[in-house]
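Below, chain A is the first sequence line, B the second, and so on; all start at residue 1.
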There are 2 protein chains.
Amino acid sequence: MIETEKILKKHNLRLTDGRRSILDIFLNNPVALSHASIEEKLPNFDRVTIYRTLYSFVENGILHKVLDDGMASKFALCHTCHDHKHTHQHVHFKCEICLDTTCLEKTRIPSFVMPDGFLAHEIGLLVQGICPKCSQKN
Amino acid sequence: MIETEKILKKHNLRLTDGRRSILDIFLNNPVALSHASIEEKLPNFDRVTIYRTLYSFVENGILHKVLDDGMASKFALCHTCHDHKHTHQHVHFKCEICLDTTCLEKTRIPSFVMPDGFLAHEIGLLVQGICPKCSQKN
DNA sequence: GTTTATGCAAATTCTTTGCAATACT
DNA sequence: AGTATTGCAAAGAATTTGCATAAAC
């Protein structure tokens, strides 16, 4: 069975063309994607279907929302998460020039002490700066 | 001179009622605020004016955009930044219940090593979980 | 045959732009 | 007086909702 179907089955999601296609895009793409960029790649699917699929993937722990300070939400594959428990330790890098957000898979967030009373559940770290591609061009 | 006016003068911004009021809200509020919540507190000001004021405050280094995984942008005071140089080391905490985002002023982001080729410019860390207020209620 | 997902239309929410009127210095 | 800011109208993104049709199991 193909990777996409394996993942969908694992989460008890019906195997539909839309889900297969969207999941496929994420599996073959190292950067975080917005709804708009998926819509671009899949012009045959309805805008709303894409929204609902993304949302359901997040609920099922297949995707996670990536932190951003911009307008539209971005999503990325949960490589490190297990099912419905999102115990993320994500480091993402957003390039200020090309605006691409990449997962820095190998970079770990060092541990730090939380103030009393705050219960940490999920930790996200976003570094903004200039990516290797863009710094070469200048 | 009042705090608000001092800050506006320092950044060569004209002293207007809108700016004074918006800045005042931030000075008296420990949490990150969205455009909508400011609009609520200041029903006499035009929606657009609030947007433009927030934007100009960000440009001048008075406010900074706070990382979020939600729909609307949130803003908070730059306590640690100097003028136009945003050299942030912010840790923010977003409560999954009340959705308030607070600045953990005393918590520092530990240093970590970036992969080769990536130029870090700004670092943001968002912890999501349950805040002291909400964990008491349960 | 049931249940779940899709597509279309339409509504909401968030944000930006243009321009004339107004307020600041 | 001269320049920057405001308000209003309107447009433009991003996202959500309702409901009938269609597809998956």
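The side-chain hydrogen bond (donor to acceptor under 3.5 Å, both in side chains) test applied to B:R20 returns B:E5, not counting sequence neighbours. Residues satisfying the ring-ring contact (aromatic ring centres under 6.0 Å, His included) test with B:F26, not counting sequence neighbours, are none. Under the side-chain hydrogen bond (donor to acceptor under 3.5 Å, both in side chains) criterion, B:T53 pairs with no residue, sequence neighbours left out.
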May I have the list of side-chain donor-acceptor pairs in residues 93-100 of chain B shorter than 3.5 Å, sequence neighbours left out?
| unit_1 | atom_1 | unit_2 | atom_2 | d |
| --- | --- | --- | --- | --- |
| B:K94 | NZ | B:D68 | OD1 | 2.9 |
| B:K94 | NZ | B:D68 | OD2 | 3.4 |
| B:K94 | NZ | B:D69 | OD1 | 3.2 |
| B:E96 | OE1 | A:H121 | ND1 | 3.3 |
| B:E96 | OE2 | A:H121 | ND1 | 2.8 |

Quiz: residues 42-52 of chain B side-chain donor-acceptor pairs under 3.5 angstrom, not counting sequence neighbours:
| unit_1 | atom_1 | unit_2 | atom_2 | d |
| --- | --- | --- | --- | --- |
| B:D46 | OD2 | B:V48 | N | 2.9 |
| B:R47 | NE | B:E39 | OE2 | 3.3 |

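Near-neighbour residues of DNA chain D inside residues 26-48 of chain A, defined by a heavy atom below 4.0 Å, number-ordered: A:R47, A:V48.
Remark on DNA chain C: of its neighbouring residues A:G70 and B:R14, the 5'-side contact belongs to A:G70, judged by nearest-heavy-atom nucleotide. Along DNA chain D, the nucleotide nearest B:R52 and the nucleotide nearest B:M71 are compared for position; the residue whose nucleotide lies closer to the 5' end is B:R52.
One axis for each end of the helix from C:dG1-D:dC25 to C:dT25-D:dA1, each built from five base pairs, and the angle between them comes to 40° at 10° resolution.
Protein chain A contacts DNA chain D over a range whose 5' and 3' limits, counting nucleotides with an atom under 4.0 angstrom from a non-hydrogen atom, are D:dA14 to D:dC25. Here chain B contacts DNA chain C (any atom closer than 4.0 Å to a heavy atom, that is under 4.0 Å), and the contacts span C:dT13 to C:dT25 from 5' to 3'.
Counting only residues at least two apart or in different chains, salt bridge (Lys or Arg N to Asp or Glu O under 4.0 Å) contacts with residues 23-35 of chain A are absent.
Residue contacts shown for A:S56 are absent, as no nucleic acid heavy atom lies under 4.0 Å away.
Applying the under-4.5 Å side-chain rule to Ile, Leu, Val, Met, Phe, Trp and Tyr, the cluster around B:M71 consists of that residue alone. Members clustered with B:V113: none, using a 4.5 Å side-chain heavy-atom cutoff among hydrophobic residues.
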